[in-house]
Peer 1: 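The structure under discussion is supplied below as structure tokens; questions concerning it will follow.
Along the sequence shown, residues are numbered consecutively beginning with 1.
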Amino acid sequence: DKAEKRFANVLLIDPSNINAKLGLAYSKLELNEKEEAKSIFENILKQKIDPTIKEEVTNTLKSIK
């Protein structure tokens with residue numbers, strides 16, 4: 001819960017911070033807020049990101065049920 005708030009605060013300062021978006025999405029998953037996490041992951045995939053991160057996010061999206 002604290003991590004979620006910290007990542008959200010970072011995104012208020014720097015909305016394009018991919019690491020904060022990833023952290024927020026994984027925090028949402030841990031809090032069982034799957035739809036919100038899925039939305040954040042899908043948003044990340046629309047951005048220009050490292051292929052390794054793209055693969056990780058794609059695999060995580062596939063595993064969300």
Side-chain angles (χ1 to χ4, degrees):
D1 189 36
K2 288 181 183 179
E4 175 191 20
K5 289 176 183 156
R6 289 186 183 126
F7 289 123
N9 284 336
V10 170
L11 289 170
L12 287 174
I13 296 166
D14 181 8
S16 63
N17 187 314
I18 294 295
N19 290 324
K21 287 181 183 183
L22 284 169
L24 181 60
Y26 283 113
S27 296
K28 295 281 188 188
L29 272 182
E30 290 296 316
L31 294 169
N32 208 28
E33 297 174 11
K34 294 178 181 180
E35 287 305 313
E36 290 181 47
K38 187 176 176 181
S39 175
I40 296 167
F41 283 128
E42 288 169 347
N43 179 274
I44 291 170
L45 286 178
K46 293 176 185 174
Q47 298 178 359
K48 224 177 192 182
I49 55 173
D50 181 85
T52 306
I53 294 173
K54 189 172 193 166
E55 183 179 350
E56 175 190 334
V57 170
T58 301
N59 290 336
T60 302
L61 272 171
K62 289 178 186 175
S63 71
I64 297 174
K65 296 182 172 136

Peer 1: Would you say Leu45 and Leu29 are hydrophobically clustered, going by side-chain heavy atoms of ILVMFWY under 4.5 Å?
Peer 2: yes
Peer 1: Asn32 pairs by side chain to side chain contact (heavy atoms under 4.5 Å, CB included) with which of Glu30, Lys28, Lys34?
Peer 2: Lys34
Peer 1: Nearest 0.5 Å, please: how far is CG in Asn9 from CD in Glu4?
Peer 2: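 Glu4 CD to Asn9 CG: 10.5 Å, rounded to 0.5 Å.
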Peer 1: Would you give the length of the straight line joining atom NZ of Lys48 to atom CD1 of Ile18, rounded to the nearest 0.5 angstrom?
Peer 2: 12.5 Å
Peer 1: Give me the atom names and distance for the closest heavy-atom approach of Lys21 to Ile40.
Peer 2: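 Heavy atoms of Lys21 and Ile40 come nearest at O-CG2, 3.5 Å.
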Peer 1: I need the Asn59 CG to Lys54 NZ distance, nearest 0.5 Å.
Peer 2: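 Separation between the atoms: 12.5 Å.
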Peer 1: What distance do Lys38 atom NZ and Thr60 atom OG1 have between them, rounded to the nearest 0.5 Å?
Peer 2: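 One finds 13.0 Å between NZ of Lys38 and OG1 of Thr60.
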Peer 1: Should Leu22 and Phe7 be marked as a side-chain contact (heavy atoms from CB on, under 4.5 Å) after you check the CA-CA gap, both sets of side-chain angles, and the distance that decides it?
Peer 2: CA-CA 9 Å; Leu22 284 169; Phe7 289 123; over 6 Å; no
Peer 1: If you take all heavy atoms of Ala20 and Asn17, which pair is closest and at what distance?
Peer 2: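 For Ala20 and Asn17, the tightest heavy-atom pair comes out as N-OD1, 2.8 Å.
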Peer 1: Identify the residue among Val10, Leu11, Asn19 that makes a side chain to side chain contact (heavy atoms under 4.5 Å, CB included) with Leu24.
Peer 2: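 The residue from Val10, Leu11, Asn19 that satisfies side chain to side chain contact (heavy atoms under 4.5 Å, CB included) with Leu24 turns out to be Leu11.
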Peer 1: Checking the side chain of Ser27 only, and the main-chain atoms of Gly23 only, is there a donor and an acceptor separated by less than 3.5 Å?
Peer 2: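 Checking the backbone N and O of Gly23 against the side chain of Ser27, a donor-acceptor pair under 3.5 Å is found.
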Peer 1: Run the side-chain contact (heavy atoms from CB on, under 4.5 Å) test on Phe41 and Ile64 for me, step by step, so that the C-alpha distance in whole Å, both residues' side-chain angles and the decisive distance to 0.1 Å come before the verdict.
Peer 2: CA-CA 11 Å; Phe41 283 128; Ile64 297 174; 4.0 Å; yes
